[in-house]
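Keep in mind that this is a model prediction, so the values were computed, not measured. The chain is numbered in sequence order, starting from 1.
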Amino acid sequence: MAGGAREVVQRVVDGVSVEVRRSGRRRRTVSAYRQEGRLVVLVPARMSRSEEDEWVRAMVARVEASEARRPRSDTDLQRRATELSRQYLSGRARPASVRWVTNQRTRWGSCTPADGTIRLSAQLRDMPGWVRDYVLLHELAHLLETGHGVEFWGLLAGYPRLERARGYLQGVAATARLEITDDDPDTDPDPDPDAADVEATLEACTPSKGVPPTVSV
């Protein structure tokens, strides 16, 4: 590869869609970042294919570890929802709001199609980014298809870590010996803030505080 020529290859590594860019100008460094929902890894053109494989897997792991540690605000969630909707749902799911909640103990995520709101349990903050993405994408799909039928799962079929993410969440709940079920989206608008505060205060006094939710999404 002469001069600054660049080779771009699309790959799937451990279920993650990765765009590998080889650059003749890059000599001694390997870097990775997200761009429009996909992971981009930059490597030197002189690197062998085996070295590339090793580095790409390492960078995927590093990015996911960094995302798992990084606090995410409601603004981050809204932005990520837009990216996921564009990537997997052709931009058709357009939530009015996406936010973290601390009083949601029986579900990882919930949505209200009537007003387009999505809520994710704050317990997801410490989980891998691809698990959070699955829950968020699951709720986005509910804005288009309220049930859990064939049409609904068809909307999620393009997510490369669908089954792995579901298994991860089921494993977390199974460790706590909790029953796993899938909930349908809420048909009523989100409760007012005062009601949520009361629910959270009551939960703080129960033995189940800190136990993972019983529902995968």
Side-chain angles (χ1 to χ4, degrees), residues 11-18 34 37-39 57 60-61 63-70 72 76-93 95 98-113 116-187 208 210-217:
R11 300 179 51 184
V12 176
V13 178
D14 295 332
V16 179
S17 297
V18 181
R34 287 203 181 273
R38 70 181 180 280
L39 186 61
R57 291 183 184 280
V60 168
V63 169
E64 290 188 335
S66 175
E67 290 177 342
R69 293 191 299 268
R70 186 185 309 145
R72 288 180 174 268
D76 292 329
L77 280 182
Q78 186 81 42
R79 184 182 303 114
R80 187 59 179 151
T82 299
E83 293 173 350
L84 291 171
S85 177
R86 183 186 305 120
Q87 184 174 2
Y88 297 106
L89 303 173
S90 302
R92 292 183 296 144
V98 185
R99 61 189 177 86
W100 294 108
V101 293
T102 57
N103 67 320
Q104 191 163 270
R105 309 296 299 181
T106 59
R107 288 179 289 184
W108 299 114
S110 63
C111 77
T112 306
T117 58
I118 290 176
R119 298 159 295 280
L120 296 192
S121 169
Q123 293 178 93
L124 290 165
R125 287 180 185 269
D126 296 327
M127 296 188 188
W130 50 272
V131 175
R132 287 195 301 267
D133 278 355
Y134 161 66
V135 176
L136 185 50
L137 184 60
H138 185 113
E139 301 309 328
L140 285 167
H142 271 314
L143 295 181
L144 305 176
E145 192 68 41
T146 57
H148 284 107
V150 175
E151 294 82 2
F152 172 81
W153 292 110
L155 293 173
L156 300 182
Y159 187 62
R161 289 193 168 187
L162 174 63
E163 294 304 326
R164 186 174 178 183
R166 294 190 74 199
Y168 183 100
L169 293 171
Q170 290 170 356
V172 170
T175 299
R177 298 180 182 179
L178 300 172
E179 182 181 356
I180 306 296
T181 60
D182 281 323
D183 276 1
D184 289 321
D186 297 332
T187 56
S208 63
V211 176
T214 62
V215 182
S216 59
V217 281

Engineer: How long is the span from the OG1 atom in T112 to the NE2 atom in H142, to the nearest 0.5 Å?
Structural biologist: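 Between T112 OG1 and H142 NE2, I get 11.5 Å after rounding to 0.5 Å.
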
Engineer: Test of understanding: with side chain to side chain contact (heavy atoms under 4.5 Å, CB included), list the residues that count as partners of R11, not counting sequence neighbours.
Structural biologist: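 Counting only residues at least two positions away or on another chain, R11 forms a side chain to side chain contact (heavy atoms under 4.5 Å, CB included) with V9, V13, V20, E52, D53, V56.
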
Engineer: Work out which heavy atom in A141 is nearest to a heavy atom in L156; give both atom names and the distance.
Structural biologist: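 Answer, listing the atom of A141 first, then L156: CB-CD2, 3.8 Å.
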
Engineer: From L136 CG over to R80 CZ, what is the distance, rounded to the nearest 0.5 angstrom?
Structural biologist: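 Those atoms lie 8.0 Å apart.
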
Engineer: Can you list everything that forms a side chain to side chain contact (heavy atoms under 4.5 Å, CB included) with T82? Sequence neighbours excluded, please.
Structural biologist: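 Partners of T82 by the side chain to side chain contact (heavy atoms under 4.5 Å, CB included) criterion, ordered by chain and then number, come out as R86.
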
Engineer: Which heavy-atom pair separates A93 from S85 by the least distance, and what is that distance?
Structural biologist: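 Heavy atoms of A93 and S85 come nearest at O-OG, 2.7 Å.
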
Engineer: Flag the pair L140 / V98 as yes when at least one side-chain heavy-atom distance between them is below 4.5 Å, and no otherwise.
Structural biologist: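 A side-chain contact is absent here, since even the closest heavy-atom pair is not under 4.5 Å.
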
Engineer: Which heavy atom of I118 sits nearest to which heavy atom of C111, and what is that distance?
Structural biologist: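 Shortest heavy-atom separation between I118 and C111 comes out as CG1-CB, 3.8 Å.
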
Engineer: For R164, enumerate each residue passing the side chain to side chain donor-acceptor pair (under 3.5 Å) test, keeping only those at least two apart in sequence or located in another chain.
Structural biologist: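 Per chain and number, R164 pairs via side chain to side chain donor-acceptor pair (under 3.5 Å) with no residue.
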
Engineer: Between CG of D133 and CG of L84, what distance do you get to the nearest 0.5 Å?
Structural biologist: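 Going from CG on D133 over to CG on L84, the span is 4.5 Å.
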
Engineer: Could you tell me whether the side chain of S90 and the main chain of R92 form a donor-acceptor pair under 3.5 Å?
Structural biologist: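 No, because the side chain of S90 does not come within donor-acceptor range (under 3.5 Å) of the backbone of R92.
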
Engineer: Check S121 against R107 and note the closest heavy-atom contact, atom names and distance.
Structural biologist: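 Closest approach of S121 to R107, heavy atoms only: CB-O, 3.7 Å.
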
Engineer: Dump the intermediate steps for side chain to side chain contact (heavy atoms under 4.5 Å, CB included) on E145 and W153, then the final yes or no.
Structural biologist: CA-CA 9 Å; E145 192 68 41; W153 292 110; over 6 Å; no

Engineer: What pairs with Y159 under ring pair (Phe, Tyr, Trp, His ring centres under 6.0 Å), at least two apart in sequence or on another chain?
Structural biologist: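 Y159 satisfies ring pair (Phe, Tyr, Trp, His ring centres under 6.0 Å) with Y88 once adjacent residues are dropped.
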
Engineer: Going by side chain to side chain contact (heavy atoms under 4.5 Å, CB included), name the residues that satisfy it together with A122, two or more places apart in sequence or in a different chain.
Structural biologist: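 Side chain to side chain contact (heavy atoms under 4.5 Å, CB included) list for A122, sorted by chain: T102, R125.
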
Engineer: Applying side chain to side chain contact (heavy atoms under 4.5 Å, CB included), name anything that partners A165, two or more places apart in sequence or on another chain.
Structural biologist: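 Listed in chain order: W130, Y134.
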
Engineer: Can you tell me how far the CZ atom of R166 sits from the CD atom of Q170, to the nearest 0.5 Å?
Structural biologist: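 Spacing of CZ (R166) from CD (Q170) equals 5.5 Å.
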
Engineer: Looking at CD of E139 and OG of S110, how far apart are the two atoms once the value is rounded to the nearest 0.5 Å?
Structural biologist: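 If we round to the nearest 0.5 Å, E139:CD and S110:OG are 6.0 Å apart.
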
Engineer: Below 4.5 Å, heavy atoms only, C-beta onward: do L89 and L137 meet side chain to side chain?
Structural biologist: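 The answer is yes; the side chains approach within 4.5 Å.
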
Engineer: Tell me the closest heavy-atom pair linking T146 and P113, and the distance in Å.
Structural biologist: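 Looks like CG2-CG, 4.0 Å.
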
Engineer: How long is the span from the CG atom in L169 to the CE atom in M127, to the nearest 0.5 Å?
Structural biologist: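 Reported value, rounded in 0.5 Å steps: 6.0 Å.
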
